[in-house]
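In the text below, chain A, chain B and the rest are named by the order of the sequence lines, each starting its count at 1.
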Amino acid sequence: MAMIPLWWYLMVAAGLFTIGLYGALVRKNAVSVLMGIELMLNAVNVNAVAFWRYVSPTAKAAAGADRPVGDFVVGMDGQVFAVVVIALAAAEAAVGLAMVIALYRSRRSFNLPQMDQLQG
Amino acid sequence: MPHIPSILTHFSPELILVVGMLLVLTYDLWVRGREGLQANLAIITTVLALVATLVLWVTMPGSHPVFEACGPGAKAGTCRPGAFISDDFTHFFRVLGLLGTLLVLISGQTYMRGRTAFKGEFYALVLSAVLAMNLMAGANDLIVIALAIEFLSITSYILTAFLRHDGLSIEGGLKYFLYGSITSAAMLFGMSYLLGIGGSTSVPALAAIARNPELAQVQGYANIMLPALALVLAGIAFKIALVPFHQWSPDAYQAAPTPVTAFLSVGPKAAGFAVLIRLFVGSFSSLSASWLGTMGLLCLLSMVVGNVAALTQGNVKRMMAYSSIAQAGYMLLGVVSLGGKTLMGLDSVGAVLFFILTYVFTNLGAFAVIIAVEQATGSAELGAYRGLMRRSPLLAVSLVVFFLSLVGVPPLAGFVAKFAVFGAAVTGGQVPLAVVGVLTGVVSVVYYFGVVREMFFGASEEGQPGPIRVGMGTTFVVLVALLMTLVVGLWPEPFITLANNVAHSIAPALQAAGGH
Amino acid sequence: MMMELMPVWLQAGAGNPLREFLLENILTGLSEAWRPLVADLLTWSLTCALIMGIVQVTMLYCTLLERKFVGRIQDRIGPNRVGYWGLLQPFADMVKMLTKEDITPAVAHRSVYNLGAILVVPPAIMVFAILPLSLGLVASDLSVGFLYFISVASVVIVPIFMAGWGSRNKFALIGAMRAVAQTVSYEIPQVLSVVGVLLLAGSLSTGDIILAQGTVGSGAQASQGFPGGWFILTQPIAFVIYLMATTAEVERTPFDIPEAESEIIAGYHTEYAGIKFGLFQLSQYFMTIASAALGSVLFLGGWMSPFPGGLLQTLGPLNLGFFWMGAKTLLLILGFMWLRGTWPRLRSDQLMGFAWKVLVPLSLANLLITALLGWLLHGWWNASGAQGLGRSAVVVVAFLAANGLLLFGAMLGFGRLRAKGGRPDIRFEATGVGSSVEGAA
Amino acid sequence: MSQQTVVQLVFGVMAALSLGGAMGVVMARTVFVSALWLILSFVGVAGLYITLGAGFLAVIQVLVYVGAISVLILFAIMLTEDVMGDEHPNNGQVGLAIILLTPLIFLLGKWGFTANWPVKAAAILPRSGLSVDAATAAALPGALKTGDAFLVPDSVAYLGRVLMTEHFLAFEVVSVVLLVALVGAIVIARD
């Protein structure tokens, strides 16, 4: 008896991902694009944590179990995945914003349409 | 606890790289009076890691899982498979990555010297990129795969934008970053669904589910696993720069400092193929019927778009970007012709590995020349190559050889590689793709010849520029690359055996089945 | 102590006496489905209300205390007109704040400007959820207690940013940027200094951390947990770093650059008046009290009596934990006030240099020796079977010696750096807006 | 059932916060306001983690996303953009993006909804120490017997232990990645 069905979480994650992708696709401004990317990464984490809570143990049993499920232990892969993604998001944000600031110094703008010096 | 001795042995190349990277980073702190030797330290580190890899490969062949661990709930003897596998396949890509980096470091040393004050940081980043490539080669867990790909991406973004006073460099870096981050977010999203299917990020556990069709049907996974895998494929295709995930590559190639461009053209590609092959051919070959079509499409687009778009480029770095997109298409051709076998006894995966091997040396040789020319003329535009034959016969002739090898002219290495890949495609049931490959290969002659024409027949307007003095490092790299291009072309047997052995280590089941 | 967030929210402790009382005597009329839930919510709300009441009163009188105390330091009397000894002064201030005109600048981004003032308070209140005022008197003893405190406290910078940006005033903006730069920088040494404590206590929960400090001496209890007593004994350097970083976190003198009146008027709350200004003050006092309370939990044994053997932990049926906790917190608050009365303000770049070049390396080194020493000592008492006061003495002496060595090494190192001119720059230079008039001695 | 209602209510609020915040991010005209909506969305996601029982992740979400990443974004905006917003923050691809993304959201919804995820364990979610009831045991074939004790360990301590054993490599690599990002960001952004 689940108090909240799993698919509710998956829906929220799907919504976050789509909205984030929309933001990343339509925004002119590099920082806004980055915000869209952060939303997408959040969607990944919602998925991962929801699966951690709802799925991990049984699937282990079903897949021939790389770990016996004697006393019931919840696999932590989902949470670890989420932690790793959070760390990666932080690293990405740091590098991306550093680039935005450096570019702003030379161009006085961080709108993507202004980035047209590289063309073939 | 993870088993420490196995980490110290089978993970030693990576440990050496980490230590070397930290030393390079903090070089200024420890060493006074002998500034600017970070490049040498980086070269020493790479050589040490290379030696460690070779020693491991020779003394301890076979597959060694590292970071095997028993969770607190596990009973004895039932441990989680290692997150990293050190086998022949890993060694192969370790050696390629380290050798490639070594050549880049040697040829790019003088280039970077005058351009940045952050030498320690630059070489530390290069070393960490190699580390990331090694991790990609051996990763056996979704978390580690994602982490390694992102690691390499982040390092590549920084390296591309490294010359920050150059607005172009930053622009290229930012474009690379934005495309890359969106793609990797999509890849991670796909991985999160795989996590839901497997309940675990361990690739063997997922592969077990994929091999079990009843389970997949009953639980309705089949519909989700493939799209999720497609998202993962997109992330990898971005690193390899396959069409349509290639838009970043011309900009990044043109904007990056040229040694970094050289690195980007081989390192991430090789590592990306390592992940691609280990994941799709090694673990999810049971689903090959489903992913072959998608990959075939990517392959077709890459060969066509890469070769056609290269025709109109006026900047040699940009042209090389499209050329390497096309080359990646040829490599992928080997992957999609699963089960094919060539006349030389190479199977399809072996053909890919052989192709990557030749590509690394040929491309790096070409880039060593490009770096030297940019060093002398300050430009990578086509005009900078005017009259290169007169200014430096060594550079001009060797660039012609490398281009011929990239086109696939016998008896050079590139010919054998292309022959192998096309052969695998024909026997593996991908005849139309092979035909397209051959035709686009003919097209590629045109753009390479554009450069050659400038070098040999281009008359310079502003008098006679003097000869180019080629540094020791560049000469060394060019000669090594030339040697390899010729040797592999004329005497390919040992390399074929090598590639085949490595391929068998990753997909033994495939070989046993003897076909598709 | 081993509860996850959700259960704590929804079942405020089965067996909680207040809850039982409510269930049996008050909520008898409710349907069976809702009864436990309402009881939980009521229990939870009442506990929170009690804690918040205590904190509110403390906060009000902290303002008076601060004015009196600083007044004495500066040879003044302080407020003494409203009520006996000025005891009603806080209420007079409150009335003044509430009746002042509420101004919103014409160019301000209205919603961001107003929300900035409102949102600055909730995080400052929420941090009290994990601070035990006494044994058992804690809103929720989360398993991630310390991290919860740090993360919620870090949220405060968002409303500060909103205030600075929403005001559309360049001084407010500069103040906000300084505040955030400072808070973000000092968060790092603050957390790093505490990691040593967490390592020794083996938990992030505030309850566990306090209990870990009570295992001095012998007995069954002493065999588990860390035998070194209060962590101020084994982690003195961390304690000092924590205090410095906290002072900067709550933007008190000498780290009150974000609101340096003589430079940038009043920082991010330049444009705020009346009750909205009051909210910023409120939040700052709350954070000061909370940080002091956390400091006493982490380093001074929380609600534990300072006397050996639990002497004066209880007085008859009365648990004195509340008294001890209050006394220790007050002690730290007085320390903050003393600093404010005595020290001039640092310059912005000096401040950042101090965090990154002094506190971060020092706290990292401290973490390293703590981990090493903790590991060695644990091995030693496991091997030798040492127990009792002797073991505690050895542990404390070993840690004190290590800390002394660390301090000595740090002074030597920073001295060398200073000799080479690479020290954090503490010279007097009037360099534009950022220079401090008072300077630092 | 009342507890279920409350939990679902909490979920609803948190989902609304995160999705509403996300909509705010892509709709707002000013970058700064966009970033504020982003923070709201992050807080909502932290709330979702709480309803999932991942307290540590909720705290980390607030600490890293709200306390660090958002602040970084706000800083970047302050250092670069003028205070007033842009009247036309979007490029010309809005229609195209909507056309592309509408099928995507339906597809994702279909995956999440129709797939037969092995959610039997959803019930798991009991706290440590409870024993397995017959229904759960039936739902987890081969894994549990009626009367077994659930062992859902204190997730922080357990997560820490897992990071030091099973996921040791990931943990160590993350630290190197963060170092590299730190060095890179300084090199690029430094004046």
Side-chain angles (χ1 to χ4, degrees), chain A residues 1-4 6-8 10-12 14-23 25-29 31-32 35 38-39 42 46 49-50 53-55 57-59 61-62 69 71-74 76 79-80 82-84 86-87 89-91 93-95 97-102 104 110 113, chain D residues 4 7-8 11 15 18-19 22-23 25-26 31 34 38 45 48-49 52-54 57 60 64 68-69 72-73 76-77 79-80 89-91 93-94 97 101 104-105 108-109 112-113 117-123 140 142-144 150-152 159 162 167 170 174 177-178 181 184-185 188-189:
Chain A
M1 164 204 78
M3 293 215 269
I4 302 170
L6 170 61
W7 65 271
W8 289 21
L10 300 186
M11 286 298 185
V12 174
L16 275 179
F17 185 81
T18 318
I19 296 172
L21 187 54
Y22 172 80
L25 289 180
V26 306
R27 284 294 170 135
K28 268 203 303 210
N29 172 318
V31 176
S32 299
M35 289 192 234
E38 296 297 340
L39 284 176
N42 262 279
V46 170
V49 180
R53 188 72 190 193
Y54 285 81
V55 170
T58 8
V69 202
D71 276 343
F72 190 83
V73 175
V74 178
M76 292 302 266
Q79 279 210 28
V80 174
V83 169
V84 167
I86 289 177
V95 173
L97 292 170
M99 284 185 197
V100 169
I101 290 172
Y104 184 80
F110 54 35
Chain D
Q4 177 166 9
V7 172
Q8 291 184 344
F11 172 88
S18 49
L19 288 176
M23 286 307 286
V25 173
V26 295
V31 197
S34 230
L38 185 70
V45 171
L48 288 177
Y49 294 159
L52 283 164
L57 271 177
I60 289 297
V64 177
I69 295 182
L72 216 54
I73 290 176
I77 294 169
L79 286 175
T80 50
N90 293 340
N91 57 24
Q93 301 171 5
V94 178
L101 294 180
L104 177 69
I105 184 91
L108 290 178
F113 185 56
W117 302 104
V119 185
K120 306 130 193 177
L140 291 169
L144 291 170
F150 275 114
L151 184 70
V152 183
L159 182 64
V162 167
H167 296 286
V174 162
V177 174
L178 288 174
I188 291 172

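Of the atoms belonging to D:V174, it is side-chain heavy atoms, and not backbone ones, that fall under 4.5 Å from chain A. Only the side chain of A:M11 comes within less than 4.5 Å of a heavy atom in chain D; its backbone stays farther off. Interface residue D:V25: backbone and side-chain heavy atoms are both found under 4.5 Å from chain A. Heavy-atom distances place both the backbone and the side chain of D:A22 under 4.5 Å from chain A. D:L38 touches chain A through its side chain: at least one heavy atom from C-beta onward sits under 4.5 Å away, while N, CA, C and O do not.
Top candidate by heavy-atom pairs under 4.5 Å with chain A, chosen from D:A170, D:S34, D:A15, is D:S34. Ranked by heavy-atom pairs under 4.5 Å with chain A, the first of D:V64, D:L57, D:V45, D:L178 is D:L57. Comparing A:V83, A:I101, A:V84, A:L97 by heavy-atom pairs within less than 4.5 Å of chain D, the highest count is held by A:L97. Chain D forms the most heavy-atom pairs under 4.5 Å with one residue out of A:L25, A:V49, A:N42, and that residue is A:N42.
Taking the side chain as every heavy atom from C-beta outward, A:M35 and A:L39 never approach each other to under 4.5 Å. Residues A:L6 and A:L10 meet the side-chain proximity criterion, which asks for heavy atoms closer than 4.5 Å. Inter-residue side-chain proximity for A:Y22 and D:V94 is flagged as met; some heavy-atom pair is nearer than 4.5 Å. The closest side-chain heavy-atom distance from D:F11 to A:V12 is below 4.5 Å.
Considering every non-hydrogen atom in both D:I69 and A:A93, the closest pair reads CG2-CB, 3.9 Å. Pairing each heavy atom of A:A94 with each of D:A185, the nearest pair is O-CB, 3.8 Å.
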